[in-house]
Protein chains: 2
Amino acid sequence: MNSFTSENYLKAIYKLVEHGNDAVSTNAIAQKMSTKAASVTDMLKKLADKKLINYQKYQGVSLTPKGEKAALTVIRKHRLWEMFLMEKLDFKWDEVHDVAEQLEHIDSEKLISQIDKFLNYPKFDPHGDPIPDMNGKIQQQKSKAISKYKKNDIVKITGVVDHSASFLQYLDKSGLALGNEIKIKDVVEFDRSLHIVINKRSTLFISNDVAKNILAITK
Amino acid sequence: MNSFTSENYLKAIYKLVEHGNDAVSTNAIAQKMSTKAASVTDMLKKLADKKLINYQKYQGVSLTPKGEKAALTVIRKHRLWEMFLMEKLDFKWDEVHDVAEQLEHIDSEKLISQIDKFLNYPKFDPHGDPIPDMNGKIQQQKSKAISKYKKNDIVKITGVVDHSASFLQYLDKSGLALGNEIKIKDVVEFDRSLHIVINKRSTLFISNDVAKNILAITK
DNA sequence: TAATTAATTTAGATTAGTCTAAAAATATTT
DNA sequence: AAATATTTTTAGACTAATCTAAATTAATTA
Ligand SMILES: [Mn+2]
Ligand SMILES: [Mn+2]
Ligand SMILES: [Mn+2]
Ligand SMILES: [Mn+2]
């Protein structure tokens, strides 16, 4: 089995590849893992030895099919655990991530398949991120940030980009949650800030910075 | 926080102290942990530095109050997770231990208090072992091995001594489970083997070796 | 009590993961 | 195309946990 640490590296590389980058740099990984470039280079050699990544000195890395499968398994476990914590144990969406970071490394196929069943096979986690199935298949939502919609568009919130506790707590306090209907009432030209109406009831003013971090689809 | 490994040492020492031994020997720990005496000595020094155990060269060890609290917390988590796996995820009682060995090290107070609540504050785990409460308090059962009962005694199964999967599977196959009523129909003088009646229905013959590993109280 | 045996500790290595500082390679400017 | 800046890798060291082999202490036996 892959170590706790290896799993975290694979997950980090997966997410960097996912967000555009074709070959991921040593520095990018170091930043994402809050570690130093020298440590990353050491680990990359080990992961390459195990055929989990494609790596040639100075050329950046990508996941092999084997490495991608491993990464997707960790992500599947993380997101299922987040869902479990929220649905069954009354955690709030800003509390689940840190615990899931630990639980995602528990090694038991039966455990995770039973959790999946217990939750009735959810397709998305509490932040709107897709949960890979047993085979690593992902069901993508074609949503975009609400900052990209126009005046009078009516959309449904499907996810968040920023996953930090402070951002999620701000959304809670503002009455924003997954599934909410949002109408773009007005767009301020100067700074792209938005006036929105939530569920046809309350109105709210949000900055462009916030708007860029809320994902939605047209209703 | 204590490392994964430290927690396992503390748990091992706790269980050795629990089963009679006053000061636990290096060799006993090595055997229980499936490691070597030299490794144990190294670890004992570290645990002593952290004031988790009382240790003087060649004199054996015991837990300090701080060490005992830590051990009981791990045991509480282990047994709650076993209960969760069995009650909520349809694991069998011979399948829960290995996964609980991993889950017991997850560090989150909220997680464990919510699991406890979710299970409705169970007092005993799937093997009949007591689950320490938040403060480390244990509710002991005054049960003894059915090998110690006499002919015509009627008792209720409350736990097992041996926790191995093979023993538990043997009990399953024989129709023996926690809560069952057992009548000692006959005791064979020669080898102390027993004829028993389960729930007033089926009769079964068990060896003294088996009888010593089944705990029960008089009905 | 002395000799022998058993238990425990120390010494010295090893492995995984990390770090800092220095060297080497690549990318960017001039 | 050189010079400079940036990125990446290497070298060497550190910690936690482990091991084998040797030394030391304690326990048992004669
Ligand atoms: Mn998360
Ligand atoms: Mn999530
Ligand atoms: Mn167990
Ligand atoms: Mn148990």
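All values below come from the heavy atoms of this structure, side chains included, with hydrogens, waters and symmetry mates left out. Every chain is numbered from 1 and lettered A, B, ... according to where its sequence line falls, protein lines coming before strand lines.
Between A:Y55 and D:dT8 there is no side-chain N or O to OP1 or OP2 distance below 4.0 Å. Using a 4.0 Å cut-off, no side-chain N or O of B:K57 falls inside it from OP1 or OP2 of D:dT25. Under 4.0 angstrom from either OP1 or OP2 of D:dA16 there lies no side-chain N or O belonging to B:T5. Under 4.0 angstrom from either OP1 or OP2 of C:dT20 there lies at least one side-chain N or O belonging to A:K36. A close approach under 4.0 Å does not occur between any side-chain nitrogen or oxygen of A:T41 and OP1 or OP2 of D:dT10. Considering only side-chain N and O atoms, B:T35 lies nowhere under 4.0 angstrom from the phosphate OP1 or OP2 of D:dA17. Contact annotation: B:Y58 side-chain N/O to C:dA6 OP1/OP2 distance is not under 4.0 Å.
Put simply, CG on A:N27 is 16 Å from P on C:dT26, counting in whole angstrom units. Atom CG in B:L44 sits roughly 11 Å away from atom C1' in C:dT9 (whole-Å rounding). One atom, CD of A:Q31, and another, C1' of D:dT6, lie 15 Å apart when rounded to the nearest Å. Note: CD1 (B:I29) to P (D:dT18) measures 13 Å, nearest angstrom. As rounded to whole Å, 12 Å separates atom P of C:dA16 from atom CG of A:L47. In this structure, the NZ atom of B:K45 is 14 Å from the P atom of D:dA16, given to the nearest Å. Note: CD (A:Q56) to P (D:dT7) measures 21 Å, nearest angstrom. Summarising the geometry, the separation between CG on B:D49 and C1' on D:dA16 is reported as 13 Å, rounded to the nearest angstrom.
B:E95 CD to B:Q169 CD: the interatomic distance, rounded to the nearest 0.5 Å, is 8.0 Å. For the atom pair B:I112 CD1 and A:L89 CG, the distance stands at 9.5 Å (nearest 0.5 Å). Atom NZ in B:K50 sits 12.0 Å away from atom OG1 in B:T64 (nearest 0.5 Å). Atom CD1 of A:I196 is separated from atom CD1 of A:I146 by 5.0 Å, given to the nearest 0.5 angstrom.
Minimum atom distance to the side chain of B:S25 is reached by C:dT8, of the listed D:dT20, C:dT8, C:dT18. Between C:dC19, C:dT9, D:dC19, one nucleotide has an atom nearer to the side chain of A:S39 than all others, and that is C:dC19. In the set C:dC19, C:dG17, C:dT10, C:dC19 carries the atom at the smallest distance from any side-chain atom of A:D42.
Taking the ring centroids of B:Y9 and B:Y55, they lie at or beyond the 6.0 Å cut-off.
Contacts of B:Y9 with the nucleic acid, taken as non-hydrogen atoms under 4.0 Å apart, involve only primed sugar atoms and P, OP1 or OP2.
Between A:A38 and A:Q59, the residue whose closest nucleotide on DNA chain C is further toward the 5' end is A:A38.
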